[in-house]
Amino acid sequence: MNQKSTLLVRYGEIGLKGGNRPAFERALCHNLVSALGPLPGLVASRRRGRILLEADVDLTASMHHVAQVFGVTSFSPVENLYLDPDAIITRAAEVLADALKTDFAGREQVLFRISVNRGNKSFPLSSLQFTRQIAENVMPAFPQLKVDLKHAELNLEVDIREEEALVFARRIQGPGGLPSGTMGRGLTLLSGGIDSPVAAWMCMKRGMRMEFVSFYSFPHVGPQSREKIIRIAEKLAEWQPRTVLHMVPFTPYQEAIRDHCPPRYRTVLYRRAMQRIASLIAARRRCRALITGESLGQVASQTMQNIAVIEEASRIPVLRPLIGMDKIEAIARARIIGTYDLSTLPAPDCCTVFQPQSPVIFGRLAEALEAEKALDLGALTFQAVKGAEKIELPEEA
Ligand code: ATP
Ligand code: MG
């Protein structure tokens with residue numbers, strides 16, 4: 001059956017952005033279409049503080065994609081009807097039946113209300129009259145409905161507009177945040193751990209379009225580590241139109257640090273190397289910040305002293321959205337995002353390679369700089385950037 005299907009999409013905070021509003025709304029429309037598409041007849045149009053998504057195929061099958069578009073606060077499958085009271089009532093009953101089945105299955109009582117919004121004053125009935133008429137016609141078929149205007153769990157909404165009537169009863173939560181791309185681009189240092197994917201997601205939620213860089217110590221870690229990173233990045237890519245993962249060969253750099261620098265400083269120096277390489281990739285890709293999953297005091301390299309020594313190697317701001325989070329909080333977030341099960345797959349990370357017995361906890365910049373004198377930083381950094389593999393996600397099937 002080829003019938004028009006419509007989703008009504010609500011957004012929140014975009015409205016606060018004053019002069020940027022049209023640009024934000026355009027970005028949101030674009031991101032919605034790209035999250036759902038390509039679908040026959042798919043269009044997104046702005047309607048007074050809302051977005052209507054329409055297509056020639058059933059959009060309810062694609063709602064899980066809408067739930068992953070940042071900027072969306074909630075959305076509803078709606079029936080888009082002619083301004084005919086009888087037709088509206090007939091469809092209202094179907095919409096109600098669907099909402100009860102999907103969201104309230106098995107419930108003996110559901111607190112209920114009807115909200116008619118009569119924007120079109122030429123509609124023959126007043127809001128109150130029409131509300132009554134709908135109630136009288138639909139409620140007998142659903143004995144579980146109990147009218148409660150204040151505490152309604154189920155709200156049948158009828159929006160009478162100039163050109164059409166919209167009828168809906170379900171509201172599905174979106175992720176909130178700001179549309180992808182409206183806050184520029186970032187580059188997340190993505191490890192196989194739990195934290196960095198969560199850090200990436202948090203900045204993506206605030207409107208950053210994200211690219212990823214991961215440091216790969218082949219053959220000290222196997223291809224399963226590379227595969228794991230790709231799968232994590234792919235999972236995160238579900239939340240934005242497309243993405244790029246830069247896989248950087250890290251072995252020569254790590255071996256040079258292992259062979260020529262004090263063992264205590266290895267971890268700090270690996271991290272400085274990562275920042276140095278990532279800053280260069282960020283500059284090429286016009287990313288304005290590096291994002292890491294660091295959280296204060298979580299491991300030896302994440303003391304304030306070591307964070308400062310590590311950050312000094314970056315040329316651009318380093319954002320750490322997890323800085324004040326406990327591990328338990330990060331895990332809970334990772335589960336919601338869907339990266340937890342991937343992050344906990346067994347696969348070694350480059351940083352566990354050549355790990356010293358007792359890493360420095362309160363590192364000092366002067367000592368790190370002194371240790372790096374033994375390295376040809378320019379050549380090592382150049383070699384790493386040059387050898388980076390650029391993977392576009394999602395990968396072509
Ligand atoms: P994660 O769970 O993200 O690995 P973590 O708590 O294990 O974090 P570390 O392993 O010390 O912390 O790493 C701190 C941060 O450094 C990571 O969150 C990540 O941003 C970055 N990082 C570490 N290893 C790599 C790597 N191999 N490639 C890219 N970035 C890395
Ligand atoms: Mg880690």
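Both counts, for ligands and for their atoms, begin at 1 and track the order of listing.
- With respect to the salt-bridge test (charged N to carboxylate O, under 4.0 angstrom), the residues Arg320 and Glu311 qualify.
- Near Leu190, meaning under 4.0 Å from any of its heavy atoms, are these atoms of ligand 1: 28 (N), 29 (C), 30 (N).
- Counting the atoms of ligand 1 from 1 in the order shown, those under 4.0 Å from a heavy atom of Val213 are 29 (C).
- Atom-to-atom distance recorded for Phe112:CZ and Lys146:NZ is 13.0 Å, nearest 0.5 angstrom.
- Between Ile291 and ligand 1, a contact under 3.5 Å exists for no N or O pair.
- Shown in contact with Gly293 at under 4.0 Å from a heavy atom are these atoms of ligand 1, numbered in order with element: 17 (C), 18 (O), 20 (O).
- By the 3.5 Å distance cut-off applied to N or O atoms, Thr292 is not counted among the residues near ligand 1.
- Summarising the geometry, atom CE belonging to Met274 is positioned 7.0 Å from atom CG belonging to Leu189; distances are rounded to the nearest 0.5 Å.
- At least one side-chain heavy atom of Lys373 sits under 4.5 Å from a side-chain heavy atom of Glu370.
- Of the N or O atoms in Ile194, one or more lie within a sub-3.5 Å distance of an N or O in ligand 1.
- Remark: Phe123 pairs with Phe130 by the ring pair (Phe, Tyr, Trp, His ring centres under 6.0 Å) rule, at least two apart or across chains.
- With sequence neighbours left out, Arg284 forms a salt bridge (Lys or Arg N to Asp or Glu O under 4.0 Å) with no residue at all.
- Set against the non-hydrogen atoms of Gly193, the atoms of ligand 1 under 4.0 Å away are 1 (P), 2 (O), 4 (O).
- Side-chain contact of Thr73 with Arg10: a donor-acceptor pair under 3.5 Å is absent, judged by distance alone.
- In this structure, Leu322 does not count as a contact residue of ligand 1, since none of its heavy atoms falls inside 4.0 Å of the ligand.
- The aromatic rings of Phe70 and Trp239 lie parallel to each other, with less than 30° between the two planes, well short of the 60° mark.
- The Ser214 neighbourhood of ligand 1 comprises atoms 28 (N), 29 (C), with distances under 4.0 Å to a heavy atom of that residue.
- For atom 11 (O) of ligand 1, the candidate residues are Glu294, Arg271, Lys327; the nearest heavy-atom contact is made by Arg271.
- For the atom pair CD of Glu234 and CD of Glu227, the computed distance is 8.0 Å after rounding to the nearest 0.5 Å.
- In terms of polar-atom proximity, defined here as any N/O pair under 3.5 Å, Met274 makes no such contact with ligand 1.
- Looking at Thr188 against ligand 1, nothing comes within 4.0 Å, counting heavy atoms.
- Of the N or O atoms in Pro197, none lie within a sub-3.5 Å distance of an N or O in ligand 1.
- Close contacts between ligand 1 and Asp195 involve ligand atoms 1 (P), 2 (O), 3 (O), 5 (P), 6 (O), 8 (O) [criterion: under 4.0 Å to a heavy atom].
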